[in-house]
> 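Shown below is the structure under consideration.
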Amino acid sequence: MFLITGATGTTGGLVRKLLLDRGEPVRSMTRSPSRDDDVHGDFDDPSTLVSALQGVDAVYLVTVPATPTPTHDLALLAAARTAGVRRIVRLSAIGTGERFGGEVLGAWHLAADDAVRGSGLEWTILRPASFATNLLREPVYNLTGDAGHAVIDPRDIAAVAAEALTTSVHRGQLYTLTGPGALSIPEQAAILGEVRGRPVDVVDAEPATVDPTWRGSVLWARAGHTARVTDDVTRVLGRPATDFARWAHEVGRHLS
Ligand SMILES: NC(=O)c1ccc[n+]([C@@H]2O[C@H](COP(=O)([O-])OP(=O)(O)OC[C@H]3O[C@@H](n4cnc5c(N)ncnc54)[C@H](OP(=O)(O)O)[C@@H]3O)[C@@H](O)[C@H]2O)c1
């Protein structure tokens, strides 16, 4: 049995669908269950995690920042150990643990990743670049000027996660998942706008306006560090990562 957390979200929803399409047994965690495979689970209520994890072998772990310490991840890991879970695949983020401007970036993701690595469970950590789907939330606040992002199709993240959940060959691996090339936010907007026949509303914003927790990561991206492309998607899936234009044609134009 697989427990997919964040199962109503961007990547969790895609991992859920991939596994269901393969005929795998799936339990989809959400605070608002409505589908047949849904189970109620709230990271803020650890008793719900213990029930959600009964009989589960592997977990796709998606958390969103709630507090400076990774309380949601720690709650899930404690419940997973109690329930006898074997494997965790955690969604982290590119740049986690990098040093820039005198600070360690992504301290919250780093603490969670470290907890997963020290949990005694089989683990795989995925550190994706920015999601193509970020362009769907308009207005798109462009904090990074003309800096490139090795933007990734969330379907590729989900495909890698599904491999890591269902086989043991990726255990102990930390993958930095990127698309095949770097595009700035204005370049992404131009492609999606062209494909759907309507411009994307992009608003330039200054890093000073961002919550201090994230400012270092924004400055790191502005300095060009998120333009780096890796071949981790290809290594896991045996095919190239999907480029932004293809995502825009196949997905973006239908959702925006
Ligand atoms: N967007 C990017 O470019 C990007 C890039 C790299 C990494 N990431 C990482 O991706 C992760 C996901 O971010 P996202 O914005 O894409 O979110 P998302 O996965 O689309 O949605 C968040 C999910 O979390 C669930 N959730 C929230 N609070 C919960 C709680 N207390 N208990 C149980 N479930 C809860 C929600 O489920 P319900 O509401 O149904 O309960 C929802 O399914 C973050 O860790 C982020 O750092 C994002």
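Owing to the predicted nature of the structure, the values given are computational and were not obtained by experimental measurement. Remember, it's 1-based here, ligands and their atoms both numbered in the order they're listed.
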> Among all protein heavy atoms, pick out the one at the shortest distance from atom 25 (C) of ligand 1; state its residue, atom name and that distance to 0.1 Å.
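Residue, atom and distance for the closest contact: G6 CA, 4.1 Å.
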
> If the cut-off is 4.0 Å to any non-hydrogen atom of D44, which atoms of ligand 1 fall inside it?
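Reading through ligand 1 atom by atom, the close ones are 31 (N).
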
> Are any side-chain N or O atoms of E98 and backbone N or O atoms of L105, one a donor and one an acceptor, separated by less than 3.5 Å?
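Flag not set: sc E98 to bb L105 has no pair under 3.5 Å.
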
> Give a yes or no answer on whether the side chain of T5 reaches the backbone of Y60 with a donor-acceptor pair at less than 3.5 Å.
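It does hold such a pair.
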
> Suppose we measure from atom 9 (C) of ligand 1 to each protein heavy atom; which comes out shortest, and what is that distance?
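For this ligand atom, the closest protein heavy atom is S92 O, 3.9 Å.
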
> Please check whether S32 reaches ligand 1 - meaning an N/O of the residue sits under 3.5 Å from an N/O of the ligand, judged on distance alone.
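No, S32 has no N/O under 3.5 Å of an N/O on ligand 1.
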
> So, T176 and D232: side-chain donor and acceptor under 3.5 Å apart, yes or no?
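Not at all, the side chains of T176 and D232 share no donor-acceptor pair under 3.5 Å.
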
> Hey, what's the ring geometry for H225 with W220, parallel, tilted or perpendicular (30° and 60° as the breaks)?
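Aromatic pair H225/W220 classed parallel.
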
> Flag the pair R127 and D113 as a salt bridge only when some basic side-chain nitrogen lies within less than 4.0 angstrom of an acidic carboxylate oxygen.
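Yes, R127 and D113 are salt-bridged.
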
> Which heavy atom of the protein is the closest neighbour of atom 8 (N) of ligand 1, given with residue, atom name and distance?
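That would be F131 CZ, 3.7 Å.
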
> Taking the inter-plane angle between the rings of Y175 and H170 on a 0 to 90° scale, is it parallel (under 30°), tilted (30 to 60°) or perpendicular (over 60°)?
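Ring orientation of Y175 relative to H170: perpendicular.
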
> Numbering the atoms of ligand 1 from 1, which are under 4.0 Å from a heavy atom of T30?
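Those atoms are 38 (P), 40 (O), 41 (O).
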
> Against heavy atoms of T63, which atoms of ligand 1 measure under 4.0 Å?
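Atoms satisfying the 4.0 Å criterion: 11 (C), 44 (C), 45 (O).
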
> Nearest protein heavy-atom contact for atom 6 (C) of ligand 1: which residue, which atom, what distance?
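For atom 6 (C) of ligand 1, the nearest protein heavy atom is P128 O, 3.4 Å.
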
> So is A129 touching ligand 1 or not, going by heavy atoms under 4.0 Å?
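Judged by the 4.0 Å heavy-atom criterion, A129 does count as contacting ligand 1.
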
> Counting distance only, does the side-chain N/O of R196 pair as donor-acceptor with the main-chain N or O of R198 below 3.5 Å?
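The answer is yes, because a donor-acceptor pair under 3.5 Å joins these two groups.
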
> Here's one to test your reading of the geometry: is the NZ or CZ of R81 within 45 degrees of the ring axis of W123 and under 6.0 Å from its centre?
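No; the conditions do not both hold, so R81 does not lie above the ring face of W123.
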
> If you round to the nearest 0.5 Å, how far is CG of L177 from CG of L237?
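Atom-to-atom, L237:CG and L177:CG are 8.5 Å apart.
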
> Please answer whether the main-chain N or O of V50 pairs with a side-chain N or O of Q54 as donor and acceptor at a distance below 3.5 Å.
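At least one qualifying donor-acceptor pair exists.
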
> For V26, is there any backbone N or O sitting under 3.5 Å from a side-chain donor or acceptor partner on D37?
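A pair under 3.5 Å: no.
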
> Please say which of I4, V59, V15, T124 ends up in a side chain to side chain contact (heavy atoms under 4.5 Å, CB included) with V89.
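Answer after filtering I4, V59, V15, T124: T124.
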
> Looking only at protein heavy atoms, which one is nearest to atom 32 (N) of ligand 1, and how far off is it?
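Scanning the protein heavy atoms, the shortest distance from atom 32 (N) of ligand 1 goes to F43 N, 2.9 Å.
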
> For the residue pair D38 and T30, confirm or rule out a side-chain donor-acceptor distance under 3.5 Å.
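Checked: D38/T30 side chains show no N/O donor-acceptor pair below 3.5 Å.
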
> State whether the shortest distance between N or O atoms of H109 and N or O atoms of ligand 1 falls below 3.5 angstrom.
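Such a contact does occur with ligand 1.
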
> Check each heavy atom of V62 against ligand 1 and say whether those closer than 4.0 Å belong to the side chain, the backbone, both or neither.
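For V62, only side-chain atoms sit under 4.0 Å from ligand 1.
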
> Counting from 1, what ligand 1 atoms have a heavy atom of G9 closer than 4.0 Å?
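Listed by number with element, the hits are 18 (P), 19 (O), 20 (O), 21 (O), 43 (O).
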
> Would you mind listing which atoms of ligand 1 come within a distance below 4.0 Å of any non-hydrogen atom of M29?
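Going through ligand 1 atom by atom, the ones under 4.0 Å from M29 are 33 (C).
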
> Are a donor atom and an acceptor atom from the side chains of R90 and T63 found within less than 3.5 Å of each other?
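Yes, T63 and R90 have a side-chain donor paired with an acceptor closer than 3.5 Å.
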
> On a heavy-atom basis, I'd like to know which of V64, L76, L135 is closest to atom 22 (C) of ligand 1.
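Of the listed residues, V64 has the closest heavy atom.
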
> Which of the atoms in ligand 1, numbered in the order shown and given with their element, are less than 4.0 Å from a heavy-atom of S130?
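Under 4.0 Å from S130, ligand 1 has these atoms: 3 (O).
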
> Is any side-chain N of the basic residue among R22 and E163 closer than 4.0 Å to the acidic one's carboxylate O?
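Salt bridge flag = yes for E163 with R22.
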
> At what distance is the nearest protein heavy atom to atom 31 (N) of ligand 1, and which residue and atom is it?
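Nearest neighbour among protein heavy atoms for atom 31 (N) of ligand 1, to 0.1 Å: D42 OD1, 3.0 Å.
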
> With respect to T8, determine whether any N or O atom, backbone or side chain, lies less than 3.5 Å from an N or O atom of ligand 1.
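Yes, at least one N or O pair falls under 3.5 Å.
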
> Run down the list R31, R137, H40 and name the one with the heavy atom closest to atom 28 (N) of ligand 1.
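When every heavy atom of R31, R137, H40 is considered, R31 comes closest to atom 28 (N) of ligand 1.
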
> I need the contact type for N134 against ligand 1. Using non-hydrogen atoms and a strict under-4.0 Å cut-off, is it side chain, backbone, both or neither?
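Just the side chain.
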
> Write out the residue and atom name of the closest protein heavy atom to atom 20 (O) of ligand 1, then the distance separating them to 0.1 Å.
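In this structure, atom 20 (O) of ligand 1 has T10 N, 2.8 Å as its nearest protein heavy atom.
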
> Using a 4.0 Å cut-off to any heavy atom of H72, which atoms of ligand 1 qualify?
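Per the distance check, 31 (N).
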
> Side chain, backbone, both or neither: which applies to R127 and ligand 1 if a contact is any heavy-atom pair less than 4.0 Å apart?
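The answer is neither; R127 stays 4.0 Å or more away.
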
> Look at ligand 1 and say whether G12 reaches it with a heavy atom at a distance under 4.0 Å.
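Not so, G12 does not reach ligand 1.
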
> Decide whether the shortest distance between a heavy atom of L91 and an atom of ligand 1 is less than 4.0 Å.
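The answer is yes: ligand 1 sits under 4.0 Å from a heavy atom of L91.
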
